[in-house]
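Sharing a structure, written as structure tokens. Questions coming.
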There are 2 protein chains.
Amino acid sequence: MSQPSAEAASARVAAALRGEILEGAIAPGTWIRQEEVAERLGASRLPVREALRMLTAEGLITVEPNRGARVPVLDRREVEVLYRMRERLEPLALVESIPHLTDADLAHVRGLQARIEDIDDIRDFLALDREFHLATYSACDIDHLQDMVVRLWNATQHYRRAFMQVAGAQRRWVVNAEHNLLIDALERRDGVDAERYLVGHIRRTRRELVGHPELFTD
Amino acid sequence: MSQPSAEAASARVAAALRGEILEGAIAPGTWIRQEEVAERLGASRLPVREALRMLTAEGLITVEPNRGARVPVLDRREVEVLYRMRERLEPLALVESIPHLTDADLAHVRGLQARIEDIDDIRDFLALDREFHLATYSACDIDHLQDMVVRLWNATQHYRRAFMQVAGAQRRWVVNAEHNLLIDALERRDGVDAERYLVGHIRRTRRELVGHPELFTD
DNA sequence: ATCGCAGAACATGGATCCAATTTCAAGGGA
DNA sequence: TCCCTTGAAATTGGATCCATGTTCTGCGAT
């Protein structure tokens, strides 16, 4: 009877909140009330508190003592530096991943890209784009590295969504082209080329994103 | 009456455990029992649980559901990649910090280096070396970046201590020389040189550290 | 003697109640 | 009218008790 059985309440709450935050249902800056979350998700306040701590470890929220938790509001400069961190860390994750990527992994990545090219809805695009990139790092067996990459994606998710809403369809074409170049390099197991395409991909996105002042309050 | 007054219990417990882990009093691999910590630090189990979640967010421990928490044991490869992550992230933190470093900050950094050169005890050296490097990043105003750098120092602290115990005094001379080169570049506000010295410093340490197989179990 | 299995001891996860802090609104004074 | 103060409501933090899951021990069967 030691089946995984019912997931722990705190993990359930964390998963639910994680989804809401990543999909934008919880706007940055708004306080997340423990009581409200507890009764909405059918749990007591205690697992909610644990879940909030988990989400802080994932870079999704910040907790202020005796105040509460909320999705942080970032200014343009913070988002820019977060992207610069991505430009440095993700190539490392990719290089560590490439030697361990199986053919099945690569087929999965190709499948994701095929779905990305067929999609119109921004919400689906964001989720699949995230899944695509994380899949290319999935064979990296260093937990700390994968965790930090996920943190960077988490922290910038809201601004990526806002960016996609103002960017035109032309951007999607560029993204698709860059993704396919990256996939080709991966299938050749060419770490040097893959790293080059990835850095270019992230850098171009950063420049375009921070070039939209209307996405930020400052 | 709204003085900061007594720090929150969970923060006190977290600070105590943080110190014990960083000083090596809690060996990697040993389970951290909530009840034991609670009665030793004069709190109930609840703030201990919160503290363990905080330390997870800081990269100091890992929590296994229904099992408990412990300081993770890393193999040589993980430590090596953690150092490669430092080589990529810390230069960025330094570059972001340099323009905002005040003369008082630099004087503080110089003072720390002077104390480092006078110290024999390994425990003090580790604490001051950490404080030295973090001080050079202290003017970086991007919280996520500073937090990640601290995580990297936390995760590798145990192996740095073990390394210092097998390394000779000769290593200390090299460290001091590299620190002083770094300080000079900082005082010139020369980001390019500072980054160069820092990368070399971390890279040399990585190579020497992972070159000691006796520090790892595998 | 070794492996398997049951049951007890132990540790973590969760619920409820209470305390402490913060926030917000109303009232009083300059 | 504005600002400061005061107190009550709302919210988070903590303690105790109970439920659930895991680990270890010892008994029994092969």
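So you know, we letter chains A, B, ... as the sequences are listed, proteins then strands, and number each from 1. If you're wondering where the values come from, they're calculated on a predicted model, not measured in any experiment.
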- prompt: Does a donor on one side chain and an acceptor on the other come within less than 3.5 Å for A:His100 and A:Asp105?
  reply: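 Side-chain D/A pair, A:His100 to A:Asp105: absent.
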query: Judged by atom type as modelled, is there a donor-acceptor pair below 3.5 Å linking the side chain of B:Ser97 to the main-chain atoms of B:Ala139?
result: yes
query: Quick one: does B:Arg189's side chain have a donor or acceptor within less than 3.5 Å of a partner on B:Leu101's backbone?
result: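 Yes; at least one donor-acceptor contact below 3.5 Å.
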query: With distance as the sole test, does B:Glu20 use its side chain to make a donor-acceptor pair with the main-chain N or O of B:Ile26 at under 3.5 Å?
result: no
field: Nearest-angstrom distance from the residue atom CE of B:Met54 to C1' of D:dG13
entry: 10 Å
When you compare the protein's N or O atoms with those of nucleotides 15-18 of chain D, which come within less than 3.5 Å of each other, and at what distance?
unit_1: D:dA15; atom_1: OP2; unit_2: B:Ser44; atom_2: N; d: 3.2
unit_1: D:dA15; atom_1: OP2; unit_2: B:Ser44; atom_2: OG; d: 3.2

message: Nearest whole Å is fine: how far is D:dT22 P from B:Glu64 CD?
response: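 About 12 Å, once rounded to whole Å.
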message: For B:Cys140, is there any backbone N or O sitting under 3.5 Å from a side-chain donor or acceptor partner on B:Gln146?
response: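 Indeed, once roles are kept as given, a pair shorter than 3.5 Å links the two residues.
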Collect all protein-nucleotide pairs involving nucleotides 8-11 of chain D in which both atoms are nitrogen or oxygen and the distance is under 3.5 Å.
unit_1: D:dT11; atom_1: O3'; unit_2: A:Arg33; atom_2: NH1; d: 3.1

- prompt: Measuring from B:Leu209:CG to B:Arg160:CZ, what's the distance to the nearest 0.5 Å?
  reply: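 Between atom CG of B:Leu209 and atom CZ of B:Arg160 there are 8.5 Å.
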query: When the ring planes of B:His133 and B:His179 are compared, do they come out parallel, tilted or perpendicular, using 30° and 60° as the limits?
result: perpendicular
- line: Taken to the nearest whole Å, CZ/B:Arg53 to C1'/C:dG14 is 13 Å
- request: Consider only side-chain N and O atoms of A:Gln113 and A:Arg110, and report whether a donor and an acceptor are under 3.5 Å apart.
  value: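 No - no donor-acceptor pair under 3.5 Å links their side chains.
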- prompt: Near DNA chain D, under 4.0 Å by heavy atom, which residues of residues 55-63 of chain B?
  reply: none
- prompt: Rounded to whole angstrom units, what separation is found between the CD atom of A:Glu50 and the C1' atom of D:dG14?
  reply: 13 Å
message: Hydrogens and angles aside, do A:Trp153 and A:Glu90 bring a side-chain donor and acceptor to less than 3.5 Å of each other?
response: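 There is such a pair (donor and acceptor under 3.5 Å, judged by atom type) between the side chains of A:Trp153 and A:Glu90.
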field: Full working for side-chain contact (heavy atoms from CB on, under 4.5 Å) between A:Arg206 and A:Arg203
entry: CA-CA 5 Å; A:Arg206 161 171 64 79; A:Arg203 180 178 298 145; 3.5 Å; yes
